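What you see is a predicted model; the values in this text were computed from it and never measured.
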Amino acid sequence: MSQQAVKLSMICRRVGRREWLLRCLIILSLLSCLTYAGVIFGWAAYAPLLKAEGFYSCGRAVGTNGTASNECPSQQTALTLVYTIATVTFTAALLPFGVLVDWFGPSASCLLAGACLVCGVASPSLKEDSLLLPGFVLVGAGMAFTYLTAFKSVFLVRPARRTIMVVAINNLFDCSATLPLLLSALQRAGLATTAGLFAAHGLFAAVLFPLLSLSWAATLGGCRSDVAGARERAADLHCDPRWSLSLQDILRERDFRWLACFTALHIFRLNLYFGSVEQALEHLGDEDSGYALIFTGLLTSVGLLAAWPASVIIRRLGHRYALVLIVACCALHGALALTPALELQPATFVTVALYRTLFYPTVTDLLAQMWGPRHAGTLVGVVFLCGSILCATIYPLAAFTNTALGGDWTAVNTSTLGVALGGSCVALYILNRSPERLTPPTPPITDGGDAAVALECRTKDNGVATCAEDTTAHI
């Protein structure tokens, strides 16, 4: 009995350490999302900071209040190009980086994310026009690695909690857009220089991502770190048969192709708005960028408040109705954005926050629940790659708007809104012809609680085996 008691005590201590390590890993993953995953989408606050440093300005003249002293169309076009390439890099890199994360695991991808972000977010501190574009390309690449790695942590929790985890990751992704707002507030208050703030942001990445990489390595040990179901589980009655599909079979499914089209249209609409909102507000009379800062603040606060209702909508109403609500939010946001009244734009900011808060969790949760963790990173990359193809048109549209339309985005926003709504309606019609396929089956409840996804081990000696420890049994 004494030996059994000692063994039981050792097992309890080991399980306790395992749970503590898993919780630390999840916290670090969420922190990486909060600080870096979507930082480029705070461009409305980033652009004034870069203008204050004189990047691409006409004669590099800077006013006394820390902003550009006069409107410079070439500067606006050049900064729009930086934003466009950074966002296209983020969305386009999700596919190849998703394959890399699935193959090499999140521990290695954390180091790659850290390297990209350290160099990228600190590049404006060097105050060289020639380094700004390459720096933000690295920011886009680092964001992709960060998001994909955080998405892997969804499969470290119980199935019943995965939707909440997906919503949390996407909501913190949105919250990371407030980092430029925080930097702008510190710079305006005179508490730090702009170059020093950029350098400090890069230094924090140099500390955070190595810690996250070590946490993943310690958690997974010798297991393959894609957190995918082992091949032996394909015949398990408790496992959704769609989780065992090959990547080629998933890509050939009609529902996946139309879901990718739907996702691409809304990624394009959101990125177009984020890239043009600062200039559109200036055109309406926001000369001191006050409304641009309000936009960044509302994006985060409304997103935080809407996170829980979004998860309830996804879990209770289902993905089909959530997709319909996304189209409704897109239409309402587009109509408000076209209203030529500066005072009404905060209502537009609220609707785009609701739109974004519902859109990303719905799509990523649908991918995770329908096709499982085995190819999760690759599938996210595919749908975002479709969006990046459309986002590549943002810069030509910006150049056309600045040269031919005098900076007025009304015509471009009207036409792209019509395309997005029309394409979304067609995609929803086709997807709803087989609504049962958009309803992931509910995991069976057993006496032992939710069945956890086994980790797939890959060693040099014996190939593929199933890990003995269940890493998600108590999370």
*Asks:* Do the rings of H333 and Y355 sit parallel, tilted or perpendicular, given the 30° and 60° boundaries?
*Replies:*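 Tilted.
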
*Asks:* Examine distances only and state if a side-chain atom of Y36 and a backbone atom of H201 form a donor-acceptor pair shorter than 3.5 Å.
*Replies:*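 Side chain of Y36 to backbone of H201: a pair is present.
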
*Asks:* Under a 3.5 Å distance rule, please check whether T193 uses its side chain to pair with a backbone N or O of G196 as donor and acceptor.
*Replies:* yes

*Asks:* For V302 and T357, run side-chain contact (heavy atoms from CB on, under 4.5 Å): C-alpha distance rounded to whole Å, both residues' side-chain angles, the deciding distance at 0.1 Å, then the answer.
*Replies:* CA-CA 9 Å; V302 175; T357 301; 5.9 Å; no

*Asks:* Closest heavy-atom contact between G140 and T89?
*Replies:*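 Minimum heavy-atom separation between G140 and T89: C-CG2, 4.1 Å.
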
*Asks:* For a 4.5 angstrom cut-off between non-hydrogen side-chain atoms, does F41 reach Y83?
*Replies:*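 Yes - at least one pair of side-chain heavy atoms lies under 4.5 Å apart.
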
*Asks:* Roughly how far apart are L208 CG and S213 OG, rounded to 0.5 Å?
*Replies:*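 It is 11.0 Å, given to the nearest 0.5 Å.
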
*Asks:* Quick one: are S123 and V139 in side-chain contact, heavy atoms under 4.5 Å?
*Replies:* no

*Asks:* For the residue pair L390 and R269, establish whether any side-chain heavy-atom pair is separated by less than 4.5 Å.
*Replies:* no

*Asks:* How long is the gap from CD1 on I394 to OG1 on T87, to the nearest 0.5 Å?
*Replies:*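 Nearest 0.5 Å value for the CD1-OG1 distance: 5.0 Å.
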
*Asks:* Should V154 and F151 count as side-chain neighbours, where that means a heavy-atom distance under 4.5 Å?
*Replies:*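 Yes, close enough: below the 4.5 Å cut-off.
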
*Asks:* Testing T77, T80, T401, N402 for side-chain hydrogen bond (donor to acceptor under 3.5 Å, both in side chains) with Q279, which one passes?
*Replies:* N402

*Asks:* Hey, can you tell me if H266 and F262 have their rings parallel, tilted or perpendicular (30° and 60° cut-offs)?
*Replies:* tilted

*Asks:* For Y46 and F136, run ring pair (Phe, Tyr, Trp, His ring centres under 6.0 Å): C-alpha distance rounded to whole Å, both residues' side-chain angles, the deciding distance at 0.1 Å, then the answer.
*Replies:* CA-CA 11 Å; Y46 240 134; F136 274 88; 5.4 Å; yes

*Asks:* Is the shortest heavy-atom distance from the side chain of L21 to the side chain of L25 under 4.5 Å?
*Replies:* no

*Asks:* With rounding to the nearest 0.5 Å, note down the distance linking OG1 in T351 to CD in Q345.
*Replies:* 9.0 Å

*Asks:* Is there a side-chain contact (heavy atoms from CB on, under 4.5 Å) between L132 and Y56 once you walk through the steps?
*Replies:* CA-CA 10 Å; L132 188 65; Y56 304 124; 3.5 Å; yes

*Asks:* Does the gap between the ring centers of W216 and F209 come in under 6.0 Å?
*Replies:* no

*Asks:* Looking only at heavy atoms, what is the nearest atom pair of A150 and C33, with distance?
*Replies:*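 It is CB-SG, 3.3 Å.
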
*Asks:* At what distance, to the nearest 0.5 angstrom, does OG1 of T393 lie from CZ of F268?
*Replies:*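 Going from OG1 on T393 over to CZ on F268, the span is 4.0 Å.
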
*Asks:* Evaluate the criterion side-chain contact (heavy atoms from CB on, under 4.5 Å) for residue pair S301 and L304; output intermediate values, then yes/no.
*Replies:* CA-CA 5 Å; S301 57; L304 287 172; 5.8 Å; no

*Asks:* Could you give the distance from CG (L379) to CG (L94), rounded to the nearest 0.5 Å?
*Replies:* 12.0 Å

*Asks:* Ignoring hydrogens and geometry, is there a side-chain-to-backbone donor-acceptor pair from S184 to P180 under 3.5 Å?
*Replies:*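 No: the side chain of S184 does not pair with the backbone of P180.
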
*Asks:* Do any N or O atoms from the side chain of S176 and from the backbone of G38 form a donor-acceptor pair under 3.5 angstrom?
*Replies:* yes

*Asks:* Quick check for you: to the nearest 0.5 Å, what is the distance between T362 atom OG1 and I313 atom CD1?
*Replies:* 8.0 Å

*Asks:* Might you point out which heavy atoms bring I169 and S153 nearest each other, and give the distance in Å?
*Replies:*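 So the minimum-distance heavy-atom pair works out to CD1-OG, 3.9 Å.
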
*Asks:* Going by the side-chain contact (heavy atoms from CB on, under 4.5 Å) test, name the single residue among L148, V101, T146, D102 that passes it with S109.
*Replies:*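 Result for side-chain contact (heavy atoms from CB on, under 4.5 Å) with S109: V101.
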
*Asks:* Where do C119 and L138 come nearest, in terms of heavy atoms and distance?
*Replies:* CB-CD1, 3.7 Å

*Asks:* May I ask you to decide if W409's main-chain N or O and N413's side chain share a donor-acceptor pair within less than 3.5 Å?
*Replies:*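 Checked: pair present.
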
*Asks:* Would you say the side-chain atoms of S388 pair up with the backbone N or O of L385, donor to acceptor, closer than 3.5 Å?
*Replies:*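 Confirmed, S388 side chain pairs with L385 backbone.
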
*Asks:* So do the side chains of L183 and L49 get within less than 4.5 Å of each other, counting heavy atoms only?
*Replies:*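 L183 reaches L49 side chain to side chain.
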
*Asks:* Is there a side-chain contact between P124 and T194, using heavy atoms and a 4.5 Å cut-off?
*Replies:*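 SC-SC contact between P124 and T194 ruled out.
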
*Asks:* Let's go through D365 and R315 carefully: what are the C-alpha distance in whole Å and the side-chain angles of both, what is the deciding distance for salt bridge (charged side-chain N to carboxylate O under 4.0 Å, His left out) to 0.1 Å, and is it a yes or a no?
*Replies:* CA-CA 10 Å; D365 186 66; R315 287 187 291 122; over 6 Å; no

*Asks:* Would you please indicate if the ring centroids of F173 and F90 are separated by under 6.0 Å?
*Replies:* yes

*Asks:* Measure across A47 and L79 and return the closest heavy-atom pair with its distance rounded to 0.1 Å.
*Replies:*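 Taking every non-hydrogen atom into account, O-CD1, 4.4 Å.
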
*Asks:* For the residue pair T149 and C110, what are the closest heavy atoms and their distance?
*Replies:* CG2-SG, 3.5 Å

*Asks:* Indicate, with yes or no, if the rings of F274 and F295 have centres closer together than 6.0 Å.
*Replies:*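 Yes, they do, as the ring centres are separated by less than 6.0 Å.
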
*Asks:* Given F256 and V383, is the side-chain contact (heavy atoms from CB on, under 4.5 Å) satisfied, shown in steps?
*Replies:* CA-CA 9 Å; F256 177 79; V383 297; 4.0 Å; yes

*Asks:* Ignoring hydrogens and geometry, is there a side-chain-to-backbone donor-acceptor pair from N171 to G303 under 3.5 Å?
*Replies:*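 Present.
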
*Asks:* Taking N170 for the side chain and V166 for the main chain, is one N or O donor matched with an acceptor at less than 3.5 Å?
*Replies:*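 Side chain of N170 to backbone of V166: a pair is present.
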
*Asks:* Less than 4.5 Å apart, any side-chain heavy atom of Y395 and any of V88?
*Replies:* no

